[in-house]
Amino acid sequence: DTAVSQTPKYLVTQMGNDKSIKCEQNLGHDTMYWYKQDSKKFLKIMFSYNNKELIINETVPNRFSPKSPDKAHLNLHINSLELGDSAVYFCASSPAGGWSYEQYFGPGTRLTVT
Amino acid sequence: KQEVTQIPAALSVPEGENLVLNCSFTDSAIYNLQWFRQDPGKGLTSLLLIQSSQREQTSGRLNASLDKSSGRSTLYIAASQPGDSATYLCAALSGGGADGLTFGKGTHLIIQP
């Protein structure tokens, strides 16, 4: 049973396109996250979200937007894709608040922008 | 702003050795610290979580310690095996918890058979 799943696993697209990455967790968690791992393998938080609050990392361009249709899903929409958006994107989740709990990560989506 | 540093960046040791991976963080006001393993082209596997009130956690051959006052954590791997080869990441949860984890750049570990 997959705890945190992402689709697609690989995404190749051209500059200027709009794309979405889906994330689903079946753990009953209340908080979900998106992280970006760049070409140097450095992981950075992009967003955290629970039912009440969206926290956006100030360095994330507004071309990126998370959308949560329900508590189990947090999708990532990216508009006007740029070459620099090429990276691996990880979704994660944790129980309510997340302050003291483990974060569980999905397998990642490798995005390549050409 | 929290910053996490991991030393060494890479480590290669013969099978069977005990080893220590180091992690330091600049803001001691953390909620917890989590150690992960990442295999090439794969996602992150959580290894150990240490709450801010704890000093260490153990799982099998792994032991993680936390010293908040000095801003340090170590991951001790006993009797290393080739299957332990991976990148090990430490990450601190601080500030508002909803800010997410701050990761180090990882230690790339190779265990020689």
Side-chain angles (χ1 to χ4, degrees), chain A residues 2-7 9-10 23 25 27 29-60 66 74 87-110 112, chain B residues 1-6 8-10 23 25 27 29-54 57 59 62 64 66 68 73 86-110:
Chain A
T2 303
V4 182
S5 59
Q6 297 178 228
T7 54
K9 187 171 183 178
Y10 299 97
C23 177
Q25 53 93 6
L27 299 167
H29 289 169
D30 289 318
T31 305
M32 297 183 72
Y33 309 83
W34 277 104
Y35 291 83
K36 177 181 179 180
Q37 188 171 41
D38 62 24
S39 58
K40 297 182 180 179
K41 310 295 184 187
F42 190 41
L43 267 159
K44 289 188 70 174
I45 182 72
M46 299 178 69
F47 303 100
S48 64
Y49 183 81
N50 62 23
N51 286 335
K52 304 171 186 175
E53 191 175 18
L54 171 67
I55 305 294
I56 302 172
N57 185 302
E58 59 190 12
T59 66
V60 176
L74 183 66
V88 181
Y89 293 85
F90 288 98
C91 177
S93 72
S94 67
W99 304 169
S100 298
Y101 300 103
E102 276 182 282
Q103 291 190 18
Y104 295 84
F105 281 71
T109 295
R110 182 174 294 278
T112 303
Chain B
K1 178 187 172 186
Q2 180 73 272
E3 292 183 5
V4 177
T5 303
Q6 290 187 247
C23 172
F25 46 93
D27 182 356
I30 62 170
Y31 290 97
N32 62 49
L33 189 134
Q34 200 166 349
W35 282 93
F36 295 89
R37 167 186 175 140
Q38 186 173 28
D39 292 284
K42 304 290 186 182
L44 277 69
T45 301
S46 179
L47 298 173
L48 290 164
L49 171 73
I50 311 176
Q51 305 291 0
S52 62
S53 58
Q54 297 175 325
Q57 282 286 331
S59 176
L62 305 180
L66 176 64
K68 277 181 57 178
S73 177
T87 296
Y88 290 79
L89 298 160
C90 82
L93 189 66
S94 55
D99 291 349
L101 291 165
T102 301
F103 281 85
K105 295 187 176 180
T107 294
H108 181 54
L109 176 64
I110 296 174

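In what follows, chains are A, B, ... by sequence order, proteins preceding strands, each numbered from 1. Source: prediction; values computed, not measured.
- With hydrogens and angles disregarded, a donor-acceptor distance shorter than 3.5 Å links the side chain of Gln6(A) to the backbone of Gly108(A).
- Judged purely by atom type and a 3.5 angstrom limit, Tyr35(A) uses its side chain to pair as donor or acceptor with the backbone of Leu101(B).
- Residue Leu48(B): no heavy atom, backbone or side chain, is found under 4.5 Å from chain A.
- Scanning residues 33-42 of chain B against chain A with a 4.5 Å non-hydrogen threshold yields Gln34(B), Phe36(B), Gln38(B), Lys42(B), sorted by number.
- Listed for the Gln37(A) side chain is no donor-acceptor partner under 3.5 Å among the backbone atoms of Phe90(A).
- Qualifying side chain to side chain contact (heavy atoms under 4.5 Å, CB included) partners for Val4(A), counting only residues two or more places apart in sequence or in other chains: Cys23(A), Gln25(A), Leu27(A), Cys91(A), Ser93(A), Tyr104(A).
- Partners of Ser53(B) by side chain to side chain contact (heavy atoms under 4.5 Å, CB included), not counting sequence neighbours, listed by chain and number: Gln51(B).
- Residue pairs satisfying the salt bridge (Lys or Arg N to Asp or Glu O under 4.0 Å) criterion with at least one member in residues 34-50 of chain A, sequence neighbours excluded, are absent.
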